[in-house]
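As structure tokens, the structure follows; a few thoughts come after it.
The shown structure was predicted, so the numbers you read here are calculated from the model rather than taken from an experiment. If you read the sequence from its start, that first residue is 1, and numbering goes on from there.
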Amino acid sequence: MKFMKLGSKPDAFQAHGKSVRYVASELETDVTINVGEVKFNLHKFPLMSKSNRLLMLLSKAGEENEIDMVDFPGGPKAFEICAKFCYGMIVTLNAYNVVTARCAAEYLEMTEDVDRGNLIFKIEVFLNSSIFHSWKDSIIVLQTTKSLLPWSEDLKIVGSCIDSIASKTSVDPASITWSYTYNRKLSVPDKIVEEGMNFRDKIDSVPKDWWVEDICELDIDLYKRVMITVKSKGRMDGQVIGEALKTYAVRWLPDSFDDSVSDARTWRYRYLVENLICLLPPDKAAGCSCSFLLKLLKFAILVGIDDSAREYLVKRISLKLHEASVKDLLILARPPQNTLYDVELIQCIVSRSLMHGKYSQDTKHEENGDFILGHEHETLMNVGKLIDGYLAEIAYDPNLTISSFVDLSRSIPEFARPIHDGLYKAIDIYLKEHLSMTKAEKKKICGLMDVKKLTTDASTHAAQNERLPLRVVVQVLFFEQVRAASGMGRMKIKDEDFLKNGKLLKKNSKITKNRVQLLPSRSKRIFDRLWVVGRGHVENRSSETSGSSQSPTSIAPGDTKSFGSSSRQRRHSIS
């Protein structure tokens with residue numbers, strides 16, 4: 001830390017209790033100056049020789065010899081610094097008291113026209129030659145300016161500190177020679193920097209965001225001005241700006257928040273969040289992570305920010321939804337909603353994400369039989385996987401309506417779910433936690449799932465799942481039989497494959513029947529019936545059904561009525 005010593009005489013100021021300060025001298029004091037609650041018993045001549053204001057006030061005081069200093073900037077401590085300077089006593093200025101001394105000197109009019117080399121001149125030299133050249137001292141000085149407003153603002157100390165700090169943030173890390181994180185204990189890399197190292201290694205040890213932690217101690221108003229100045233210079237990467245805002249939010253926003261917090265603190269948090277939103281980098285593709293934006297949204301909802309700020313956050317989140325995690329989406333609902341989580345908000349974000357036009361089914365196409373994914377389509381598949389995971393979490397909520405579950409699930413385009421394992425898991429949890437569902441409701445929710453898109457493991461689980469409607473289990477067993485017989489693995493089953501491979505079903509019947517032994521009795525009975533149907537269909541009526549629209553694989557998942565009636569007719573014809 002930089003410092004400057006003024007004067008040469010020893011400090012002769014002494015105290016009498018807490019409210020009286022005087023100068024120990026052979027000469028009797030001849031003036032009393034009241035600053036706040038403290039009385040200073042001093043001598044006129046030293047004060048009048050340095051301060052134009054005291055010169056005028058003492059000249060008018062007459063025989064009373066007592067002056068009240070109203071609204072003195074910095075209070076008694078600041079006045080004592082100036083008084084010691086007038087006496088020529090030793091005064092040490094540093095980053096913590098220099099603003100106080102500067103404002104007090106301005107109040108007392110300690111200018112060059114009163115005495116050459118006066119206090120204002122010396123402080124200005126110290127500020128411009130030392131303080132504003134130091135990263136740490138500039139931050140400390142800026143912190144002290146808030147208690148001295150509007151004096152520190154009018155004297156341009158605030159602006160000078162902000163400009164100094166903002167300029168240093170864009171300095172090439174290779175040229176940084178200070179300990180760049182003074183607010184935390186030195187880590188091992190920091191110690192190396194402090195103790196010295198070769199130039200090449202030093203470059204590698206200093207990241208671009210070296211400065212973000214240091215300015216976190218600033219009040220939000222000063223922090224906002226620093227960040228605006230940093231952004232206005234146009235030399236700072238959006239990701240670094242985002243990291244700075246995240247670090248500041250972590251520093252000042254609590255981990256939890258409830259209604260018991262006082263109104264004053266709630267207002268403070270709301271003001272902080274609204275300012276952080278205003279500071280978000282304009283580059284929507286970079287900058288803040290989706291996880292940070294969602295955390296900001298969670299807190300914004302709790303403290304009740306205005307609708308425009310909330311809407312802006314939702315818009316920014318929807319552009320990067322594919323980067324989020326399920327945990328990020330678990331935003332608690334607020335009254336009058338009776339669900340645990342705010343499903344309506346997530347539904348809004350998903351809809352916004354799809355409306356941006358980034359995701360289109362046109363981005364997928366086939367080339368030489370291979371399925372090619374464009375970047376946008378891959379992004380949307382991430383969204384689909386995310387929402388399936390979110391559905392699995394909210395499915396535990398007893399107050400979650402089936403319509404909310406279905407609407408959110410259907411908001412994801414079909415091509416964004418190449419595999420339905422995640423959706424099946426969510427449906428299974430919902431069925432388990434909502435035992436009072438009607439058959440119609442079970443059919444509705446299970447109709448979201450395409451059994452052809454279940455992996456082998458999921459199909460095996462579904463075939464043994466007694467919570468699923470019977471017709472869904474039938475579909476699962478049938479398509480699992482076809483998959484096992486045709487050896488097509490996880491690939492989609494086309495309508496004509498079943499007819500072409502009818503004989504293959506027969507050849508592989510032994511393998512298929514071995515797998516059936518692993519199924520529970522309910523599923524096994526269904527499978528046995530289905531096997532008779534499939535065998536009769538292939539051997540006895542293949543000529544009649546070749547190319548027919550009523551082939552089992554052509555029936556859409558969920559169309560269980562047509563599938564069931566078709567099975568019964570075939571069984572009757574065979575018997």
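- In this structure, the side chains of Leu345 and Arg310 come closer than 4.5 Å at one or more pairs of heavy atoms.
- In this structure the side chain of Glu106 reaches within 4.5 angstrom of the side chain of Ile120, judged on heavy atoms.
- Looking at Lys208 and Asp237, no side-chain N of the basic residue comes within less than 4.0 Å of a carboxylate O on the acidic one, giving no salt bridge.
- Judged by distance alone, the side chains of Asp328 and Ser325 do bring a donor and an acceptor atom under 3.5 Å apart.
- Residues Gln239 and Asp209 form no side-chain contact, since every pair of their non-hydrogen atoms from C-beta on lies 4.5 Å or further apart.
- A donor-acceptor pair under 3.5 Å is absent between the side-chain atoms of Ser51 and the main chain of Met48, judged by distance alone.
- Scanning both residues, Pro281 and Gly238, for their nearest heavy atoms gives CG-O, 3.8 Å.
- In this structure, Thr144 and Thr100 have side chains that are not in contact, with every pair of non-hydrogen atoms separated by 4.5 Å or more.
- A salt bridge links Asp219 with Lys146: the closest approach of a Lys/Arg side-chain nitrogen to an acidic carboxylate oxygen falls below 4.0 angstrom.
- In this structure, the side chain of Ser353 does not engage the main chain of Ile349 through any donor-acceptor pair within 3.5 Å.
- A donor atom on one side chain and an acceptor atom on the other are found under 3.5 Å apart for Ser403 and Thr401.
- The shortest side-chain heavy-atom distance between Thr266 and Arg270 falls under the 4.5 Å cut-off.
- Under the 3.5 Å distance criterion, the side-chain polar atoms of Ser160 are left unmatched by any main-chain donor or acceptor of Ile157.
- The backbone N or O of Asn94 lies less than 3.5 Å from a partner atom in the side chain of Asn97, making a donor-acceptor pair.
- Formation of a donor-acceptor pair under 3.5 Å by the Lys2 side chain with backbone atoms of Ser129 is not found in this model.
- With respect to the salt-bridge test (charged N to carboxylate O, under 4.0 angstrom), the residues Lys84 and Asp11 qualify.
- With hydrogens and angles ignored, the 3.5 Å screen pairs a side-chain donor or acceptor of Ser411 with a backbone N or O of Leu408.
- Environment of NZ in Lys425: sparse, with no more than 12 heavy atoms of neighbouring residues, nucleotides or ligands closer than 6.0 Å.
- Of the charged side-chain nitrogens involved, at least one lies within less than 4.0 Å of a carboxylate oxygen, so that Arg102 and Glu124 count as a salt-bridged pair.
- Within the 3.5 Å criterion, the main-chain N or O of Ala244 finds no donor-acceptor partner in the side chain of Trp211.
- By the 4.5 Å heavy-atom criterion applied to side chains, Cys86 and Met110 are counted as neighbours.
- Two residues are said to be in side-chain contact when any heavy atoms from C-beta on lie closer than 4.5 Å; Leu57 and Ile33 fail this criterion.
- Closest approach of Met381 to Pro418, counting heavy atoms only: SD-CG, 3.5 Å.
- When all heavy atoms of Leu108 and Cys82 are compared, the pair lying nearest together is CD1-CB, 3.6 Å.
- Within the 4.5 Å cutoff, side-chain heavy atoms of Tyr341 are placed close to those of Leu332.
- A salt bridge is defined here as a Lys NZ or Arg NE, NH1 or NH2 lying under 4.0 Å from an Asp or Glu carboxylate O, and Glu213 with Arg251 fails to meet this definition.
- Lys233 and Thr229 share no donor-acceptor pair across their side chains, judged by distance under 3.5 Å alone.
- Here the side chain of Tyr248 pairs a donor or acceptor atom with the backbone of Ile220 at under 3.5 angstrom.
- The backbone N or O of Leu279 sits less than 3.5 Å from a side-chain atom of Lys231, completing a donor-acceptor pair.
- Not a single donor-acceptor pair under 3.5 Å links the side chain of Asn399 to the backbone N or O of Leu340.
- A side-chain N or O of Ser138 and one of Ser164 form a donor-acceptor pair less than 3.5 Å apart.
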